[in-house]
Amino acid sequence: MSTTSRVVTANLLVLATVAAVMAATVAPVRAQEAVPQANALGPDLEAGRVVYERRCLNCHGDGGRGDGPAADRLQPRPRDFTRGLYKIRSTPSGELPTDDDLFKAVSRGLFGTAMPAWEDVLTEPERRQVVQYIKTFSKRFGRQKTPPTPVAVGKPVASSSDSIAKGKQLFRDLECWKCHGEEGRADGPSSHELRDDWDQPIRPANLTRSWNFRGGSAPEDIYLRVITGLAGTPMPSFADVLDSDKAWHLVNYVRSLSPPARPALRTVVRARRITEAMPTQPDDPRWEEVEAYHFPLVGQVIREPRMFTPTVNGIWVKVAYNAQEIAVWLAWDDPTHSRPQPASGDVPEVLEDAVTVQFPVRHSEAQGLKKPYFLMGNPGDPVNLWRWSAGTERAAGTGAMGGVAGNPQGRAAEFDATAMDQMVPSPNRTMTATTLYQHGQYRIVLRRPLVTPDAEHDVQFGFGQLIPIAFFVWDGSNGEAGSRMAISHWYTLLLEPPTPRIVYVVPPLAALIAVGVEWWVVKRLRRKKKEEPS
Amino acid sequence: MRWMRGTLLIGGIGLLAVGGTWLAQAYEGSPVATGGTIVGEVKLAGDIPGPKKIVIDKDVEVCGKERLSEALIVSKASRGVQYAVISLVGVKKGRVWDKPKGGVELVQKDCRFMPHVLVVPEQGTVDIINDDPMTHNIHTFSIENAAINKAQPKTLRKISIAMEVSETFRVQCDIHKFMTGWFVVADHPYYVLTDAEGRFTLKDVPPGTYKLQIWHETLGVQTKEVTVKPKEETRVTIEVKATKKA
């Protein structure tokens, strides 16, 4: 008590420090006594503090250093507010963000990260209050003499093939590709060793997945990122290099690399029937006619050891079949082609990249909607795993692995499993894989006969059946192996039955009969009318 | 009441920082008639580590395939440490500060920052020149000064950045990770860089007792008390130990 009353009356500069030291070491100071008297926070800041402690502290930490209890499981890590460095700004490189920049980040969240949009949870005044409170963590805000000025956003240039071509040339000339990769998949030569200002590894944005752009994917958002740079990261400001028109060309090019919108989640994969031979190569142009489905992937955090920060967060899937075979086309972005290498000297061990398509061994409508446990099955409900891996299998005790047939790189293998650690190689080797790794993307075709003689171990495909399907991906360079992986839910695969011939006969016949009956009815009515005396 | 401590601590630090800025006096220079000279050497104690080799795997046609790290350069003959910065702590008055007229140049050539350690007066300007036929980015890791990160393609030969307050910080090109340098923003003229043999000279020091600070990017900071007598030469030898990191 005496501590706090002294704080009020005596020299603030000295005693605030004394109080802090004493509070930290000797006397617990009570909130309701200390705050109004010490006048440390105004009413708005006090309200902001309440919001912060309730909603933000768990990730950003009680001192705003980005070291809350949940921080270690997040990639990217939560912002450390003490340096005053903010990625998403409207202000020039080296300047603090505006209050509106921070308000927008709190309201919309940061896409592709754990930072959620708070606009549905917190009122606008609450969000403005917490912004003011966050600013107290860095002395830079207290030091600024005038509020920072946003950069001018020049008159937009509408997207066109001409503007996109100019943007592409700038992307080459300014060497954006050195980090973002030649096709924008974050696989450029300098992308693998980037670190942020806190010496944490950081990856460039994958420009083909604009829905994960931290500050949004609207044209003006991208314009501001290019012009202001992302403070605290290797992404520099191009303000001294680009005039407004050039910046817009670059924006238009970047936008052209992603689908126009985040791919919608459709849960049923409809396989395309192909009458001739199957396209076996991943870049066979016939795959372009097959519909692509996008499935989100998340880290496996249910079983130890867990993977909280997987590299791959989505996979594209196409399925085709003919009378004999089924082919599953997969594509996912991984900036490194990792093949297994033992540790040597300073270089740590490199694990292999891999992908698995999971089916239940047995499925039937009679089972209803019952599926095996989505993480590699359960006793009595085995799954059939189609696995491709970039190097040789190193797992001990699993015996001989699947064949290398048809794929010079990597290995295709089939397993049956009833749990993540209960994987046994399938006795059959009927699946083959062809792979392509280019510009930060894997494309793979896994092929197998629709039906095999061994229904005990192999999934059997029939037309018109709803067959559960799931996906697992490992990025070896990210330490992913075994249960440390990216996983999906169960989704559904449907091989629509080939159209039977009767389909071409019955509808015309029915139409013909209908017309005939109508003609007869009309004729009869007219005759009846004629016969009636008027 | 953990938040309470945090708040008070932050408040206290904030107030101290603000107060510190108010109290900080600018350096005053006037001719020093009876000044002395400090002549010294910075030497490494213990084993002299071999120069660390950096293997370069990108843009080798410009950057070269390998180079020796500049993070710790020790002369085999004299044990002298290059690129240490010697300064007198907290000097407010002394000789006339002969500041450079324009900006101090930092040149990027063959994927190197030259000089590796740049001393620049506060309120001064650094002109960053790109002499390489490709893009570099200027990323500074300052706390007190504005931390910037600007792209500098070959078409943009010069970028000027202003230095506000005294601080020592790293500059880096993220595209070429092996490219690092240091900025030492000086608050008075008594800052000097050691040469390849670890030697330095500070001239026109008003007589008195000073705290001499030795900063080196790998070896850290250490201080030594030095007394300067009128018109005399004071010799100092500073032994620094290699940290585990080096």
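The chains referred to below are lettered A, B, ... by the order of the sequence lines, with proteins before strands, and numbering in each begins at 1.
- Residue with the most contacts toward chain B among A/G229, A/P189, A/G84: A/P189 (heavy-atom pairs, distance under 4.5 Å).
- Atom CG of A/L174 is separated from atom CG of B/L156 by 10.0 Å, given to the nearest 0.5 angstrom.
- Distance CG/B/D174 to OG/A/S191: 12.5 Å, rounded to 0.5 Å.
- The two residues A/D197 and B/H139 come nearest to each other via the heavy atoms OD1-NE2, 2.7 Å.
- Around CZ of A/R195, the count of heavy atoms belonging to other residues, nucleotides or ligands within 6.0 Å exceeds 12.
- Using a 4.0 Å cut-off between charged side-chain N and carboxylate O, A/D173 and B/K154 make no salt bridge.
- Ranked by heavy-atom pairs shorter than 4.5 Å toward chain A, the options B/A151, B/A147, B/S142 are led by B/A151.
- Of the atoms belonging to B/N145, not a single heavy atom falls under 4.5 Å from chain A.
- Closest approach of B/A146 to A/G94, counting heavy atoms only: CB-O, 3.3 Å.
- The contact between B/I159 and chain A is made entirely by side chain atoms (from C-beta outward), counting heavy-atom distances below 4.5 Å.
- Scanning both residues, A/T233 and B/N149, for their nearest heavy atoms gives O-ND2, 2.8 Å.
- Proximity to chain B is limited to the side chain of A/L85, based on heavy atoms less than 4.5 angstrom apart.
- Shown here is A/K87, whose NZ atom has more than 12 heavy atoms of other residues, nucleotides or ligands within 6.0 Å.
- For a residue to count as touching a neighbouring chain, one of its non-hydrogen atoms must lie under 4.5 Å from one of that chain's; by this rule B/Q172 does not touch chain A.
- Each of A/P234, A/A239, A/S93, A/S237 has some count of heavy-atom pairs under 4.5 Å with chain B, and the biggest count is that of A/P234.
- The choice from B/T155, B/T135, B/I148 that makes the most heavy-atom pairs within less than 4.5 Å of chain A is B/T135.
- For the pair B/H176/A/K178, a side-chain contact is recorded, criterion being any heavy-atom separation below 4.5 Å from C-beta on.
- Looking at B/K58, only its side chain comes within 4.5 Å of chain A, counting heavy atoms on both sides.
- With a 6.0 Å radius and a threshold of 12 heavy atoms from other residues, nucleotides or ligands, B/K211 has its NZ atom at or below the threshold.
- Both the backbone and the side chain of B/I175 come within contact range of chain A, each with at least one heavy atom under 4.5 Å from a heavy atom of that chain.
- A pairwise comparison of heavy atoms in A/D240 and B/K150 identifies OD2-CD, 3.4 Å as the closest pair.
- Heavy-atom contacts from other residues, nucleotides or ligands closer than 6.0 Å to CG of B/D47 number 12 or fewer.
- A/R143 has a carboxylate O that lies under 4.0 Å from a charged side-chain N of B/E144, or vice versa, which qualifies the two as a salt bridge.
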